[in-house]
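Residue numbers begin at 1 in each chain, while the letters A, B, ... track the order of the sequences. On a predicted model such as this, the values are computed, not experimentally measured, just so you know.
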Protein chains: 2
Amino acid sequence: MVASPLRAPRPAQTSEIALLDRIAARVATRAGVAVGIGDDAAVLEGDGSWLVTQDLLVEGVHFRRETTSWRDLGHKALAVNLSDVAAMGGVPVAAVVGLALPWRTRPVPDRALEDLYDGMEALAGRHGVTIAGGDVSEGAVLVLAVTAIGRMEPGRAPVLRSGARPGDVLCVTGALGAAAAGLLTLEDPIVATGLAPEEAEALVLAQRRPEPRVAAGRVLAGVAHAMLDCSDGLALDALRLARASGVAVELDLERVPLAPGVARVAEAAGREPDLLAATGGEDYELIAALAPGRVEAVAAALDVPLTPVGRVTAGEPAIRLLRRGRSVAAPRLGWEHGA
Amino acid sequence: MVASPLRAPRPAQTSEIALLDRIAARVATRAGVAVGIGDDAAVLEGDGSWLVTQDLLVEGVHFRRETTSWRDLGHKALAVNLSDVAAMGGVPVAAVVGLALPWRTRPVPDRALEDLYDGMEALAGRHGVTIAGGDVSEGAVLVLAVTAIGRMEPGRAPVLRSGARPGDVLCVTGALGAAAAGLLTLEDPIVATGLAPEEAEALVLAQRRPEPRVAAGRVLAGVAHAMLDCSDGLALDALRLARASGVAVELDLERVPLAPGVARVAEAAGREPDLLAATGGEDYELIAALAPGRVEAVAAALDVPLTPVGRVTAGEPAIRLLRRGRSVAAPRLGWEHGA
């Protein structure tokens with residue numbers, strides 16, 4: 001799922017999680033499918049495991065064409081899917097792209113469509129991914145439906161959300177809060193006062209052009225007990241991991257790695273920096289549960305920082321946010337309130 | 001692509017084929033992908049070949065909720081994708097389903113969503129397919145984006161559109177025209193006067209619940225030189241095969257197998273039955289190019305009739321419609337005018 005600055009809270013009865021639960025209850029998992037609905041990607045069995053994941057981007061919900069460049073939109077539509085493949089520890093191979101285009105009501109110029117594909121293709125090329133097909137249809141609003149297909153490397157099993165064990169250390173790649181701070185900057189440039197221009201630019205870029213952590217996911221695949229990507233906010237996604245694994249999670253807010261400029265923007269916007277980073281969403285970093293003895297060696301093997309931010313404990317599935325050992329109440333955990 | 005009774009001709013500059021050509025020119029096919037944009041499905045290389053195909057169904061373009069049951073809509077959304085897998089000669093394994101739901105403007109009741117999934121699941125079950133995941137998002141209109149994944153059986157290569165050779169016989173499975181006659185019946189019940197009620201019902205059912213020819217596709221995979229599904233009309237889809245193969249195709253209209261009731265409905269509607277069947281679209285039968293010596297044996301091995309309807313000749317890619325040896329001009333070839 002793609003969090004969104006434009007996505008407003010939905011009515012309780014159509015909570016996304018409740019809906020997905022009801023859907024999952026109505027469908028059977030059949031031969032050839034190891035993991036169905038409920039993880040970052042479905043897992044098909046072949047020579048090793050194949051991964052399939054899909055994300056929709058809808059105009060007016062996930063983006064507005066006035067404030068997004070077509071190239072960035074193409075990048076992001078593919079990036080969020082590659083991130084789901086990375087979150088299983090897999091290597092993306094191909095993507096198919098469905099486009100609903102509002103020909104009559106609000107045509108997308110040819111040049112814009114080319115830019116959109118150029119944005120996807122540039123990211124695809126860097127990851128050896130092929131845009132291999134799709135569908136084009138008329139539609140009342142612009143919808144991008146991207147499905148990514150990935151593979152696990154030989155000998156590697158997909159890393160599910162459900163494998164975390166009490167005693168594990170919860171770690172996150174990279175730094176958090178940049179996308180949320182970038183969004184605050186876009187909404188009100190005054191919050192970026194005092195930032196170096198390149199710092200402010202990096203925050204906006206994080207919001208518009210997230211980098212899927214494919215290389216890190218491949219390394220973590222050999223070690224992590226559980227993993228998912230941090231699309232809707234560390235706190236909410238960690239809660240999802242806790243629920244899938246049947247464990248509790250404690251998060252140390254003071255250990256959450258803040259991206260450069262996040263603290264300043266948060267303060268200027270009257271937000272608590274650690275909470276902004278832990279609940280802001282759209283960072284597309286990886287959250288992994290690791291045995292304590294493995295953290296250091298894995299961190300050394302990654303191309304991005306890996307930071308321990310909490311621990312997995314036995315108990316009812318829940319998340320506790322701690323600041324220097326004391327519980328903190330967050331106004332919200334992330335972009336989805338079904339949690 | 002899904003033909004549609006609601007789909008009006010689009011502006012020339014956004015012709016779907018021209019658009020797909022331009023998109024295809026901008027993306028590279030990379031390692032692990034044998035066939036990219038342009039066939040019924042993309043082909044990924046693994047232990048044998050994996051197939052990936054996607055179709056969008058958009059409210060107001062492909063269906064209206066007033067005239068479609070949710071269960072039928074679920075069936076059709078999956079069926080058109082399984083048909084694409086069948087058209088490569090493959091066996092479908094799984095599907096992921098993206099749903100954009102207009103929560104605010106025109107909510108889909110929970111019960112309707114359950115019916116939608118029940119319709120998909122019933123068809124999935126009959127084909128051993130797993131609904132393995134997807135995405136749910138808000139959207140201004142209801143969009144279903146279904147991606148199906150299939151595999152080729154061991155030792156079988158995917159059957160592309162591009163393999164037809166001069167001298168081949170063009171064959172079609174089943175009978176044609178039922179979906180188009182069903183649509184005429186829905187639009188104006190008077191055209192069904194004189195049909196037995198179960199005959200009229202079968203025509204409407206053909207329109208609403210097409211049966212993907214998966215079993216036939218598996219058999220044809222070992223023999224056909226080229227294949228695609230007949231979603232937009234035999235004539236138009238045969239032209240696509242001709243273009244992809246660099247050959248010409250002649251279609252004998254008097255040999256086109258008419259589904260029961262089609263002749264009567266066509267006459268009542270003032271249409272020529274053979275042209276209605278050859279250009280009506282949405283039958284989801286398979287069109288295959290076969291060596292003449294193989295037709296009889298293959299036909300005997302299929303669970304549906306296989307009818308020779310034309311031949312492949314050397315020449316500029318084109319299609320000629322013949323009626324008892326004389327050229328016939330069709331007002332249109334099918335649902336897509338980009339052709």
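Remark: side-chain polar atoms of B:Q54 are paired, donor with acceptor, to backbone N or O of A:G98 under 3.5 angstrom.
Interface remark: of the candidates A:G125, A:P107, A:G139, A:G125 forms the most heavy-atom pairs closer than 4.5 Å to chain B. Among A:T29, A:L99, A:V141, the residue making the largest number of heavy-atom pairs under 4.5 Å with chain B is A:T29. Between chain B and the residues A:A28, A:A25, A:A94, the most heavy-atom pairs under 4.5 angstrom are made by A:A28. Listed options B:V97, B:T53, B:D118 were ranked by heavy-atom pairs under 4.5 angstrom with chain A; first place goes to B:D118. Your options are A:G46, A:A42, A:G38, A:A24, and the one with the most heavy-atom pairs under 4.5 Å with chain B is A:G46. Heavy-atom pairs under 4.5 Å with chain A were tallied for B:V52, B:L101, B:V27; the largest tally goes to B:V27.
Neither the backbone nor the side chain of A:A41 comes within less than 4.5 Å of any heavy atom in chain B. Contacts of B:V129 with chain A are made by backbone atoms alone, with heavy-atom separations under 4.5 Å and no side-chain atom involved. Of the two parts of A:V96, the backbone and the side chain both hold a non-hydrogen atom closer than 4.5 Å to a non-hydrogen atom of chain B. For A:I131, the parts sitting under 4.5 Å from any heavy atom of chain B are the backbone and the side chain alike. Proximity to chain A is absent for every atom of B:L116, based on heavy atoms less than 4.5 angstrom apart.
The distance from atom CD of B:E114 to atom CG of A:L19, rounded to the nearest 0.5 Å, is 9.0 Å. Residue A:W50 holds its CH2 atom at 9.5 Å from CD1 of B:I149, rounded to the nearest 0.5 Å. A:I23 contributes atom CD1, which lies 7.5 Å from atom CE of B:M120 (distance to the nearest 0.5 angstrom). Atom CG of residue A:L57 and atom OG of residue B:S137 lie 8.0 Å apart, to the nearest 0.5 angstrom. Rounded to the nearest 0.5 Å, atoms CD (A:E121) and CZ (B:R30) are 4.0 Å apart.
Contact between A:V33 and B:A132 at its shortest, heavy atoms only, is CG1-CB, 4.3 Å. Smallest separation of non-hydrogen atoms from A:V58 and B:A140: CG1-N, 4.4 Å. Across every non-hydrogen atom of B:V93 and A:A31, the tightest pair is CG1-O, 4.5 Å.
Qualifying side-chain contact (heavy atoms from CB on, under 4.5 Å) partners for B:A112, counting only residues two or more places apart in sequence or in other chains: B:W70, B:V108, B:P109.
Here salt bridge (Lys or Arg N to Asp or Glu O under 4.0 Å) pairs that include residues 142-153 of chain B, with residues two or more places apart or in two chains, are B:D47-B:R151, B:E153-B:R218.
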